[in-house]
Amino acid sequence: MALDIKELSSNKSFGGYQKVFSHESAVTKCEMKFAVYLPPKAVDNSPCPVIYWLSGLTCNELNFIQKAGAQKISSELGVIIVCPDTSPRGCNIPGEDDGWDFGSGAGFYVDATEELWKNNYQMFSYVTAELPEVIKKNFPTNGKQSIMGHSMGGHGALICALRTPGFYSSVSAFAPICAPTECPWGLKAFNGYLGPDKTKWDEYDACKLVAKYSGPPLGIYVSQGESDQFLKDGQLQPEKLVDACTKACVPIILNRDQGYDHSYFYIASFVDDHIKHHAKFLKD
Ligand SMILES: N[C@@H](CCC(=O)N[C@@H](CSC=O)C(=O)NCC(=O)O)C(=O)O
């Protein structure tokens, strides 16, 4: 596995550095970009825990670092934040750039099995296996990691944690797509990447995965804005996740925040709470 990375940008921020890198991914068979915030402690080469952030539809590695305002709290708590892109890009797959909710910018964090997509769209393996190896090799990590995300990335964070018991110390999400096998975005993506066999879909649906979860506590922490248009449209369905967690006796905290929508203004308002939540689980 090639673990070499190329620095594309570096900006000092709250005593640490916000950086962006690219590398050749053996898993997605294309160049991938990711952003890394290094707190002062990591700049001094002391081992730090890592929080992975997974963005939503239409995003790349930059949305979170430019809009969420997470650098100050990450600097104070000494956590490295890693933000991958949301899909492979430029793979010359017919239709890859035809829509905003499928293909480029919409990898849905699954390992595709359909012929057209399976060569490159391996985002589950990329996020949970290849990228952590790249991070471990190139940055001062202490072996502990958590994962968080937004919308499609909230779904991604939940399924990554639920499918890899013990790998992540905690998981959190803003406005996650909780039941992708039962919402329009998920139906389109899963049909396209995984094909018509719905037993494959269940392997990437947080509600179905919670029902059979067996592993250490996950510290699931979810925030949902009450004025979120996509909540009203039935794309998110947090009540189904709470129901599944209750039935499976898996603890979950769901914050329902009055007046907030689906945007990064909402994420920026509560990102400190999410990172503090993870920091509790990531303590040495
Ligand atoms: N089609 C619209 C909507 C796209 C959108 O709202 N994307 C969200 C994530 S939605 C679920 O995954 C997002 O995070 N957008 C980026 C941002 O910086 O706000 C469009 O194309 O705008």
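If you're wondering where the values come from, they're calculated on a predicted model, not measured in any experiment. Remember, it's 1-based here, ligands and their atoms both numbered in the order they're listed.
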Counting only pairs under 3.5 Å, give me each side-chain donor-acceptor contact of residues 192-199, with atom names and distances, residues two or more places apart or in other chains.
residue	atom	partner	partner atom	Å
Tyr193	OH	Gly103	N	2.8
Tyr193	OH	Ala106	O	2.7
Asp197	OD1	Thr199	N	3.0
Asp197	OD1	Thr199	OG1	2.6
Asp197	OD2	Thr199	OG1	3.2

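Of all atoms in ligand 1, listed by their number and element, those nearer than 4.0 Å to a heavy atom of Tyr264 are 14 (O), 17 (C), 18 (O), 19 (O). Proximity to Met152 (heavy-atom distance under 4.0 Å) selects the following atoms of ligand 1: 11 (C), 12 (O). Interface atoms of ligand 1 facing Leu57, defined by a heavy-atom separation under 4.0 Å, are 7 (N), 8 (C), 9 (C), 11 (C), 12 (O), 13 (C), 15 (N). Applying the 4.0 Å criterion to heavy atoms of Gly56 picks out, from ligand 1, the atoms 12 (O). Near His262, meaning under 4.0 Å from any of its heavy atoms, are these atoms of ligand 1: 10 (S), 11 (C).
In this structure, His155 and Tyr109 have tilted ring planes: the angle between them lies in the 30° to 60° band. Ring geometry for His274 versus Phe174: interplanar angle under 30°, hence parallel rather than tilted (30 to 60°).
Residue Ser263 places every heavy atom at 4.0 Å or more from ligand 1.
Remark: aromatic rings of Phe102 and Tyr121 are distant, center separation not under 6.0 Å. Remark: aromatic rings of His23 and Phe34 are close, center separation under 6.0 Å.
Protein heavy atom closest to atom 18 (O) of ligand 1, with residue, atom name and distance, is Lys67 NZ, 2.6 Å. Protein heavy atom closest to atom 3 (C) of ligand 1, with residue, atom name and distance, is Trp100 CZ3, 4.0 Å. For atom 15 (N) of ligand 1, the nearest protein heavy atom (residue, atom name, distance) is Thr58 OG1, 3.6 Å. Protein heavy atom nearest atom 14 (O) of ligand 1, with residue, atom name and distance: Cys59 SG, 3.3 Å. Of all protein heavy atoms, the one lying nearest to atom 11 (C) of ligand 1 is Ser151 OG, 2.2 Å.
For Pro165 against Gly215, the heavy-atom pair with the smallest separation is CB-CA, 4.1 Å. Of all non-hydrogen atoms in Cys160 and Ile147, the two that sit nearest each other are CB-CD1, 3.8 Å.
For atom 7 (N) of ligand 1, the nearest protein heavy atom lies closer than 4.0 Å.
Geometrically, Arg163 engages Tyr204 in a cation-pi contact defined by less than 6.0 Å to the ring centre and at most 45° from the axis.
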